[in-house]
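Each chain gets a letter, A, B and so on, in the order its sequence line appears, and its residues count up from 1. Heavy-atom basis, side chains included; hydrogens, waters and symmetry copies ignored.
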There are 2 protein chains.
Amino acid sequence: MPHAAVQEICPLNEVLDRVSGKWAIGVLTLCGAEGVVRFTEFERGIPDISRRMLTLTLRNLERDGLLTRTVHPTVPPKVKYRLTEAARELTETLSLLTDWAKRHQAYVHAARAEYDAASAR
Amino acid sequence: MPHAAVQEICPLNEVLDRVSGKWAIGVLTLCGAEGVVRFTEFERGIPDISRRMLTLTLRNLERDGLLTRTVHPTVPPKVKYRLTEAARELTETLSLLTDWAKRHQAYVHAARAEYDAASAR
DNA sequence: CCGCATCCACCGTGATACTG
DNA sequence: CAGTATCACGGTGGATGCGG
């Protein structure tokens with residue numbers, strides 16, 4: 001007999017699955033800031049991301065309709081990515097989460113430190 | 001040379017790490033709806049969660065200062081959990097994410113179906 | 001009633017090398 | 001330039017059983 005409120009969270013968990021993972025946020029953020037972004041620009045803009053992880057992240061976001069991918073069949077090839085309208089709304093909402101994170105960052109760190117200290121005793 | 005906007009996302013990723021995982025959202029949501037919640041009430045309210053996963057989730061949230069845990073040394077023992085103020089603000093923000101998820105749920109599913117269909121060809 | 005310990009399967013992640 | 005292919009690893013999540 002699950003609680004009613006818990007039924008509501010299913011769509012939320014779907015979003016979080018999409019956006020969690022180490023790199024998705026970085027890609028969305030960079031693309032939101034720059035507009036149109038090329039593959040190599042992602043590589044330069046996001047520290048420590050590997051080619052493989054960048055590709056996988058881009059594919060997943062494209063699959064979910066958050067990113068469009070356009071190939072220019074030139075030599076050398078160019079591939080451009082941009083956010084969809086849905087993704088832009090998403091990043092705006094995520095920025096509110098960022099606000100929360102900044103306001104409570106110190107609090108969370110302190111709580112964690114205290115908890116760990118208490119466990120050690 | 002990382003992009004400036006990408007530097008901003010660090011706190012956001014911290015939040016997401018905390019809230020991602022299969023169960024954290026369910027715990028926060030249920031606790032937000034009920035106020036004070038006992039261990040067994042979580043077990044009944046959240047479908048398919050195991051004792052172990054519930055325990056781990058509660059510990060992590062407590063560690064981060066999002067949940068308080070109070071033990072009543074009675075027989076049988078009672079343990080009550082409630083959200084901290086920080087957690088309440090967090091769940092409010094998350095509800096905005098839920099709004100986004102509901103509004104775009106159909107869109108995302110359609111995009112995904114089409115992408116998969118296109119890949120199969 | 002509440003929680004911890006152990007063991008195990010899986011998948012996301014990364015390193016490396018190759019291609020149109 | 002923009003990927004793909006393959007291999008290997010570690011951490012997270014799940015099943016089960018014991019304990020205060």
Side-chain angles (χ1 to χ4, degrees), chain A residues 9 13-27 30-31 34 36-64 67-82 115-116 118-121, chain B residues 1 9 13-28 30-31 34 36-64 67-82 115 118-120:
Chain A
I9 67 174
N13 265 331
E14 285 185 34
V15 177
L16 291 175
D17 281 353
R18 213 158 287 128
V19 159
S20 76
K22 232 169 158 179
W23 309 110
I25 297 288
V27 168
L30 178 56
C31 203
E34 290 295 300
V36 176
V37 184
R38 297 185 52 189
F39 189 90
T40 321
E41 296 178 312
F42 280 119
E43 274 195 302
R44 281 196 300 265
I46 302 173
D48 296 330
I49 194 171
S50 66
R51 250 191 193 91
R52 169 188 152 86
M53 279 299 102
L54 178 55
T55 302
L56 288 178
T57 304
L58 290 170
R59 287 293 168 284
N60 284 329
L61 293 174
E62 185 196 356
R63 183 169 110 101
D64 287 337
L67 229 47
T68 63
R69 176 174 179 270
T70 53
V71 181
H72 297 68
T74 59
V75 176
K78 283 188 181 183
V79 182
K80 295 178 176 177
Y81 296 88
R82 25 184 286 277
Y115 184 95
D116 292 348
S119 307
R121 283 177 229 136
Chain B
M1 187 121 8
I9 65 174
N13 265 331
E14 284 184 35
V15 177
L16 290 175
D17 281 353
R18 212 160 287 129
V19 159
S20 77
K22 231 168 157 179
W23 309 109
I25 296 287
V27 168
L28 291 176
L30 177 57
C31 203
E34 291 295 300
V36 176
V37 183
R38 298 184 52 189
F39 190 90
T40 321
E41 296 177 311
F42 280 120
E43 274 195 301
R44 280 196 299 266
I46 301 174
D48 296 329
I49 194 171
S50 67
R51 246 190 194 84
R52 169 188 151 84
M53 280 298 103
L54 179 54
T55 302
L56 287 179
T57 304
L58 290 170
R59 284 294 165 283
N60 283 331
L61 293 173
E62 185 195 357
R63 183 168 110 101
D64 288 336
L67 229 47
T68 63
R69 175 174 179 270
T70 53
V71 181
H72 296 70
T74 59
V75 175
K78 283 188 183 184
V79 183
K80 296 178 177 179
Y81 296 88
R82 26 184 286 277
Y115 184 95
S119 308

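- If you find the closest nucleotide of DNA chain D to B:Trp23 and to A:Thr55, the one lying nearer the 5' end belongs to A:Thr55.
- Between the CZ atom of B:Arg38 and the P atom of C:dC1 there is a distance of 8 Å, given to the nearest Å.
- Within 6.0 Å of atom CZ in B:Arg18, more than 12 heavy atoms from other residues, nucleotides or ligands are found, so the atom counts as buried in its surroundings.
- Looking at residues two or more places apart in sequence or on another chain, you find a side chain to side chain contact (heavy atoms under 4.5 Å, CB included) between A:Arg69 and A:Arg59, A:Glu62, A:Val71, A:Val79, A:Tyr81.
- A residue-by-residue look at A:Arg52 and A:Arg69 shows that A:Arg69 has its nearest nucleotide of DNA chain D further toward the 5' end.
- Rounded to an integer number of Å, the gap from B:Ile49 CD1 to C:dG3 C1' is 13 Å.
- A straight line from CG of B:Leu16 to P of C:dG12 spans 17 Å, rounded to a whole angstrom.
- Taking each heavy atom of A:Cys31 and A:Arg82 in turn, the nearest pair found is SG-CA, 3.7 Å.
- Contact between the side-chain N/O atoms of B:Arg59 and the OP1/OP2 oxygens of C:dG3 is found at a separation under 4.0 Å.
- Rounding to the nearest 0.5 Å gives a distance of 4.0 Å between NE2 of B:His72 and NZ of B:Lys80.
- For B:Glu41 and C:dG3, the CD to P distance is 13 Å, given to the nearest whole Å.
- Atom CG in A:Leu54 sits about 16 Å away from atom C1' in C:dA15, given to the nearest Å.
- Annotation: the span from A:Asp17 atom CG to B:Lys22 atom NZ amounts to 10.0 Å, rounded to 0.5 Å.
- Going from atom CD of A:Glu43 over to atom P of C:dG14 covers 14 Å, rounded to whole Å.
- Here the CG-OG1 distance, from A:Leu61 to A:Thr68, works out to 11.5 Å after rounding to the nearest 0.5 Å.
- Heavy atoms of B:Phe42 sit nowhere under 4.0 angstrom from any nucleic acid atom.
- Nucleotides of DNA chain D that come within less than 4.0 Å of any heavy atom of chain A span, from the 5' end to the 3' end, D:dC1 to D:dT6.
- Across the interface with DNA chain C, nearest-nucleotide mapping of A:Ser20 and A:Arg51 shows A:Ser20 to be the residue nearer the 5′ end.
- More than 12 heavy atoms of other shown residues, nucleotides or ligands fall within 6.0 angstrom of atom CG in A:Asp116.
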